[in-house]
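Heads up: the structure comes next, in structure tokens.
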Amino acid sequence: MENRNIVVLAIDDIKDNLISLKALVSQVFPEANVITANSGTEGLVLALSKNPDVILLDVFMPDMDGFEVCRKLKSNNRLRDIPVVFVTAIKSDKETRIKALDAGAEAFLTKPIDESELVAQLRAMLKIKEARAAKDSEKDRLAALVAEKTFELSKKQEEALRLLDALRESEARYKVLIETSQDAITLTDLQGKIIFVNNRKVEMLGYNDVNELVGRSVFELISPDKKQSLTTLAVELEQQGKFVGFITEVLRADGSTFPAELNFNFIYNENGKPEFIMDTMRDITERINTEKELKMAAEKWSKTFDAIQDRIAILDKNQNIIQVNKSFLDYCPDGTCKIEGSKCFNIVHQCDNSVIDCPFLRLKKSKVRETMQLVLNDRYCEIVVDPILDSNHDLIGAVHIISDITERVISEKILRIQYQIATEVVTADSVQALLEEIENKLATIADTALFTFAGYNHVSNSFECIFHSSRFHRAEEWISQNVFYQLVAENSVTSLFSIDDADSKPLFSRYPGIETCLVVPVIVEGTFFGVVSLHTPYKSQAYDEKFVALFEIVGNELGRFIEKQKMISDLVMAKERAEESDRLKSAFLANMSHEIRTPMNGILGFTDLLNEPDLSGEERVDYINIIQYSGNRMLNIINDLIDISKIEAGLMNKVDEDTMINDQLYFLYEFFKPEAEKKGLTFSYINGLPTENSMVRTDKEKIYAILTNLIKNALKYCHSGNIHFGYHLKENFVEFFVSDTGIGIPAERLAAIFDRFVQADVADKKAYEGAGLGLSISKAYVQMLGGKIWVESKVGEGSTFYFTIPYRKV
């Protein structure tokens, strides 16, 4: 049984399941030919064409479930004897099993499939198939015997009228065989008058008794519109003595018709002269319906294949194109190139050799799906190549699918640009810097050669250039009275102007070379402030809906940024006006951006790290915890900055709580380690106490703020070498330190380094960015905690900052 080439049909809508089934069956039955179908409809077509020995059928499929497929198989005379084994992941669903058996299934296999169970089931099904085949063979043998005996009967009935008694004697001998025949049998004279019919003929034509047919002309039983074909029948019958395979429409007793195949033979007398005609008739309704279904299925598949928008080609094992769908013909729009028979790279890439990293070449080795992404004709495409393997798992071809993923790629880029713009709004220090970054980001997906930001003068009703692309040298010349800007100023609504629009076309005459203009209003504090715009020599399709929405976000973010800048400017002005009388409030305003950046950088930095593709689940949880911690930290810092005004007034409170200083140092080490490694610095720390003794009673947030400021300064001023921090227990104090091998501090500045705004006021060309509040805040916090802070430094060798707090062990 296993030595012959058995055929197994596997039907499942999930390709991976089919691959697994095929591999498992091939392992168990190496000689087996496993064919697969992705749907019930395809499975029925393959069953009719391949006549498999066993069918492995999935229960749940989208277009036609396994129960319906099984019912159709069992209702088809050609397919009903094929054993069906349901393959399901449901192990104990009694209702499903009963439903499957009602549908006609012979057996069940449960996923994951046990190899021994599969062997047993397949062997059992093959035995069933062979038994049924033997039964059918016996039926065919009996039918052949009937035909043989009928022919013998016709020879012996040489003279029907004279040997009628002999015919009746023979009828008694063959009546059982004739009456049990599945074909309808009729005996007529040479004029077509019916002499004898079997019961099958009576039943097939819908009559009640043989006497209703005997004596009638056989031609009365042929559909009137098919009688012209009888001429051909008569000629060939006269020339050949028989006419086989005559297809016509036969009339039933009720007037309805059905298709039938008739075979005619002469019965000769002892002189060799034809004396009677015997015909056998077979109802071929089911066969014709099956042929129609097969034709419809083929047409449906062909239409589906051509309706797929992806470009699909079937390749042979040498990368030659065998068949393509309609979309693939776009590679040869004028029809001049020969697609079928060509190499796929000849048509797709217009080259004579496979491209670098060709997925087909990789597939020849791996024999599994291979993919690649590339740009074809300015469109982003994904190429997927699936192998076609024979029963020996040898590659015989491949399905080559090219999908246009431009929309997906552009959407991903737009989302990424939105995030980047939002980040720039937070970190940019000027409108000019923000717009330069925005232009760089937008240039990756659109033409930004004519990118402009213009402010609106409400008094003169004109526009003034604030920013324009460096490639756009005529901006100032025509921005002032730009008609597109004026239209947007009237309604404050985003507008896309195109030369194709009848209303807009006259306006473009003023701007030669421009065919599309996208203008977004910029609103600041509820008032029209100006416009941000893009102009291009291309049609309106240059800016689709997604890009317009993105550019509208640019306008909104720009308005928010200006509001923020205006707020900061207003605060600085207020600080300057009240500097002498309100120093603490001024310090808060000047220091706000400096202090907020620490937790904000944590949030943004670890948010970026979450996008890393190789990030483990544990790392992701750690990063999310850091982001949450930094968010809370930012809120605390804002509160601390507000509270700094209380320090000099003596109203600032410290909040003592149980603080594990070893945990704080570890967190700071993990937090700043990436930045130190990025600069190539050796970054380390030391705990001065074992963990069980490092729990102290102090203000945890202020300890964190002091160490954060000192480490940030070390990272800022250290460009090589190392940064080392930690603490030691000295008598009743914990002495913290942060040491670096940076540029050092001149001796004349050591005394003033903890004063506010010292860095900003020092006439040093090498001064680094910063408001100079970090160390003054740290000093205030240390004093509040009951300690002191100082620095030891040498120019060119580095610095070490120290501070102490009382050691109050918990």
Side-chain angles (χ1 to χ4, degrees), residues 378-379 406-407 410-411 413-414 417-418 421 431 434-524 526-562:
D378 298 325
R379 303 288 292 178
T406 302
E407 294 300 320
I410 294 299
S411 296
K413 282 189 174 183
I414 286 176
I417 290 172
Q418 286 180 9
I421 289 174
V431 172
L434 175 62
L435 288 170
E436 287 176 357
E437 288 300 321
I438 289 175
E439 182 200 354
N440 291 335
K441 301 297 185 297
L442 295 179
T444 62
I445 58 174
D447 178 15
T448 60
L450 306 181
F451 175 49
T452 306
F453 175 40
Y456 180 62
N457 188 318
H458 290 265
V459 177
S460 63
N461 190 29
S462 62
F463 289 86
E464 299 173 357
C465 180
I466 298 176
F467 175 88
H468 66 81
S469 169
S470 60
R471 292 163 287 174
F472 185 20
H473 301 294
R474 298 190 306 107
E476 293 85 350
E477 300 176 13
W478 58 283
I479 282 179
S480 177
Q481 299 298 325
N482 188 297
V483 292
F484 302 118
Y485 296 173
Q486 294 290 344
L487 291 172
V488 173
E490 294 175 4
N491 51 36
S492 295
V493 175
T494 298
S495 300
L496 179 63
F497 302 98
S498 172
I499 199 171
D500 293 334
D501 299 332
D503 294 337
S504 301
K505 188 171 184 177
L507 305 178
F508 282 92
S509 61
R510 306 184 190 184
Y511 313 105
I514 303 299
E515 295 192 358
T516 304
C517 180
L518 175 59
V519 185
V520 172
V522 177
I523 308 300
V524 177
T527 303
F528 180 74
F529 182 87
V531 295
V532 60
S533 67
L534 282 170
H535 302 71
T536 177
Y538 308 110
K539 300 295 184 183
S540 59
Q541 290 82 355
Y543 306 127
D544 58 15
E545 291 182 2
K546 292 180 180 178
F547 184 83
V548 171
L550 172 64
F551 203 59
E552 199 164 32
I553 290 173
V554 170
N556 294 336
E557 292 294 332
L558 189 56
R560 289 177 50 208
F561 183 80
I562 293 172

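- Within the 4.5 Å cutoff, no side-chain heavy atoms of Y456 are placed close to those of V522.
- Note: T452 OG1 to L534 CG = 8.0 Å, rounded to the nearest 0.5 Å.
- Atom CD1 of I410 is separated from atom CZ of R379 by 8.0 Å, given to the nearest 0.5 angstrom.
- In this structure, A454 and Y485 approach most closely via the heavy-atom pair CB-CE1, 4.1 Å.
- When atom types are taken as modelled, the side chain of H458 and the backbone of F528 share a donor-acceptor pair closer than 3.5 angstrom.
- Taking 4.5 Å as the limit, every side-chain heavy atom of K441 sits out of range of all side-chain heavy atoms of I438.
- What you find for C517 and V519 is that their closest heavy atoms are SG-CG2, 3.4 Å.
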(message) The test is side chain to side chain contact (heavy atoms under 4.5 Å, CB included); show your working for H535 and N482 and say whether it passes.
(response) CA-CA 12 Å; H535 302 71; N482 188 297; 4.1 Å; yes
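- The side-chain hydrogen bond (donor to acceptor under 3.5 Å, both in side chains) test applied to N491 returns no partner, not counting sequence neighbours.
- Every residue two or more places apart in sequence or in another chain was checked for a side-chain hydrogen bond (donor to acceptor under 3.5 Å, both in side chains) with S492, and none qualifies.
- The distance from the OG1 atom of T516 to the CD1 atom of I514 is 9.0 Å, given to the nearest 0.5 Å.
- Taken from CZ in F484 to OG in S495, the straight-line distance is 10.5 Å, to the nearest 0.5 Å.
- Side-chain contact between F547 and D544: present, with at least one pair of heavy atoms (C-beta onward) separated by less than 4.5 Å.
- To the nearest 0.5 Å, atoms CD1 (I421) and CD1 (I414) are separated by 10.0 Å.
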Using atom types as modelled, flag every donor-acceptor pair under 3.5 Å from a side chain in residues 549-561 to any protein atom, sequence neighbours excluded.
{"unit_1": "E552", "atom_1": "OE2", "unit_2": "T494", "atom_2": "OG1", "d": "2.8"}
{"unit_1": "N556", "atom_1": "ND2", "unit_2": "E552", "atom_2": "O", "d": "3.4"}
{"unit_1": "E557", "atom_1": "OE1", "unit_2": "R560", "atom_2": "NH1", "d": "2.8"}
{"unit_1": "E557", "atom_1": "OE2", "unit_2": "R560", "atom_2": "NH1", "d": "2.8"}

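- Side-chain contact between E439 and L435: absent, with no pair of heavy atoms (C-beta onward) separated by less than 4.5 Å.
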(request) Evaluate side chain to side chain contact (heavy atoms under 4.5 Å, CB included) for I562 paired with F453, printing each intermediate quantity in order. (result) CA-CA 12 Å; I562 293 172; F453 175 40; 3.6 Å; yes
